[in-house]
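Notes to accompany the following structure.
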There are 2 protein chains.
Amino acid sequence: MRKQSSTNLENEILINGNCDMAYTLDLIGGRWKPSILWRLAYGALRYSDLRRSLPAVSERILILQLREMEADGLISRKVYPEVPPRVEYQLTDLGKSLEPVINILTDWGSENRPNSEKRKVRCPVLTIK
Amino acid sequence: MRKQSSTNLENEILINGNCDMAYTLDLIGGRWKPSILWRLAYGALRYSDLRRSLPAVSERILILQLREMEADGLISRKVYPEVPPRVEYQLTDLGKSLEPVINILTDWGSENRPNSEKRKVRCPVLTIK
DNA sequence: TCAAGTACTAACATAAATGTAAGTTATGCG
DNA sequence: CGCATAACTTACATTTATGTTAGTACTTGA
C-alpha cells in the first residue's frame, strides 16, 4: 500500500505527469517487466509458462508485475473457465505499440553493455527449466 | 551502501547481465535522470544551474543521480579551480548516443500519456525559479 | 482417499531508493 | 573580522520495491 502523501509520491506524480520520457520508463521499468514483454512478444502465454521461464522470480512478484502491466493497459488477462484453471496473458495493442521502444532499448544495450555478445539476445535471463 | 549479498542484488545482476533492454533501463531509470538528460542535451550546465532548474530535487539526491550517471559514463564532470568553485556537467559521447533512445521514449509517452499535450515537451517538470 | 496441478493470496521480512536538515571548505569582498 | 557563495558531505529518516513462506480452492486421476 502506498502512502497517501509524501514528497516521494508527490515527486513521482510531478515527473510522470510532466515528462513523457519518465512516463514511458515508469510503465516498463519494473525489475521483471522487460523479461515479461519479451516473452509475450512471441504470443500469449499461460501464467505457468511465464513462471517456468522465469524461475528466479517469486510468485508474488511475478503476479505484482503482471497486475501493474495489466492496470497500465500493456497486457490483458484472459481466464478460461476450466478446471484446473487456465489464465493466458498477452500484449494489448498498446503493449504491441511498445515494440520500437523495446527494440531501441535492446539495441543500445547490445552496443554498450559490457560483455554483451553484440547479437540481439532477447532478455534470456533464464531459460525454461 | 548496498548489501554484499541478497536475492534482490543477485536478481539485479542476473538481469542486467543478460538482458540488454534491462541494462539500458537501469542506466536511465533513476527518478531524475530523464530530467537531467534533457537539460544536458542542450549543452553543459553548472551544478547550480541544474539545481535551480529542478527545485523539487534535494541536493543529496541530485548529486547521487549525477554521480551514478558519471560512474556509468553518461556524463562528465569538469571542475574549474576557482573560488567559489565551478563545476560543469555535460554529456559524454556515450550519453549523446542515447539521443534516439530518449526520443523514442519521449515520443511513445507523448502519444500515450493521459493528458499529454501531444507535442514533444521535453521533461519540463519545473522551470527555472 | 489422497496426491497433483493451476493460479493465485496473505502475512511477514528485507533491501534499496528517495528525502530532510544541517554542516563543510575555501576564498574574495566590504 | 564576518558574511556570502558554490558545490558539495554527513547523519538520519522515511517510502517504496522486492523477496520468503505458507496457505487457498477446485477438480481430476491413481
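Naming: A, B, ... by sequence-line order, numbering from 1 per chain. None of the values given here were measured: they were computed from a predicted structure.
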Checking contacts here: which listed nucleotide ([options]) is nearest the side-chain heavy atoms of [X]?
X	options	result
A:Leu64	C:dA7, D:dT20, D:dT18	D:dT18
A:Pro85	C:dT20, D:dA6, C:dT6	C:dT6
B:Ile61	C:dA16, C:dT18, C:dC8	C:dT18
A:Trp32	D:dA7, C:dA7, D:dG19	D:dG19

[N] phosphate, OP1 or OP2: any side-chain N/O from [X] under 4.0 angstrom?
X	N	value
A:Ser6	D:dT16	yes
A:Arg77	C:dA7	no
B:Arg60	C:dA22	no
B:Ser48	D:dA7	yes
A:Tyr89	C:dC8	yes
A:Asn11	C:dG19	yes
A:Gln65	D:dT18	yes
B:Thr7	D:dT18	no
B:Arg86	D:dC8	no
B:Arg67	D:dT9	yes

message: Using a heavy-atom cut-off of 4.0 Å across all strands, would you classify B:Glu59 as base, sugar-phosphate, or nothing?
response: base
message: Check whether A:Ser116 reaches the backbone of A:Glu111 with its side chain - one donor and one acceptor, N or O, closer than 3.5 Å.
response: no
message: Tell me whether A:Asp49 contacts the main-chain N or O of A:Leu45 through its side chain, where contact means a donor paired with an acceptor under 3.5 Å.
response: no
I need the [atom1]-[atom2] distance between [X] and [N], as an integer number of Å.
X	N	atom1	atom2	value
A:Leu66	C:dT9	CG	C1'	15 Å
B:Glu10	C:dA15	CD	C1'	13 Å
B:Arg51	C:dG19	CZ	C1'	14 Å
A:Leu62	D:dA17	CG	P	17 Å
B:Arg52	D:dC8	CZ	P	14 Å
A:Arg31	C:dA15	CZ	P	13 Å
B:Ile15	D:dA17	CD1	C1'	13 Å
A:Glu12	C:dG19	CD	C1'	14 Å

task: For B:Glu59, enumerate each residue passing the salt bridge (charged side-chain N to carboxylate O under 4.0 Å, His left out) test, keeping only those at least two apart in sequence or located in another chain.
output: B:Arg51
- prompt: About how many Å separate OG1 of B:Thr106 and CG of A:Asp20, when rounded to the nearest 0.5 Å?
  reply: 6.5 Å
- request: Taking the side chain as every heavy atom from C-beta outward, state whether A:Ile36 and A:Leu62 have any atom pair closer than 4.5 Å.
  value: yes
Side-chain touch A:Tyr80/A:Pro85, heavy atoms, less than 4.5 angstrom: no
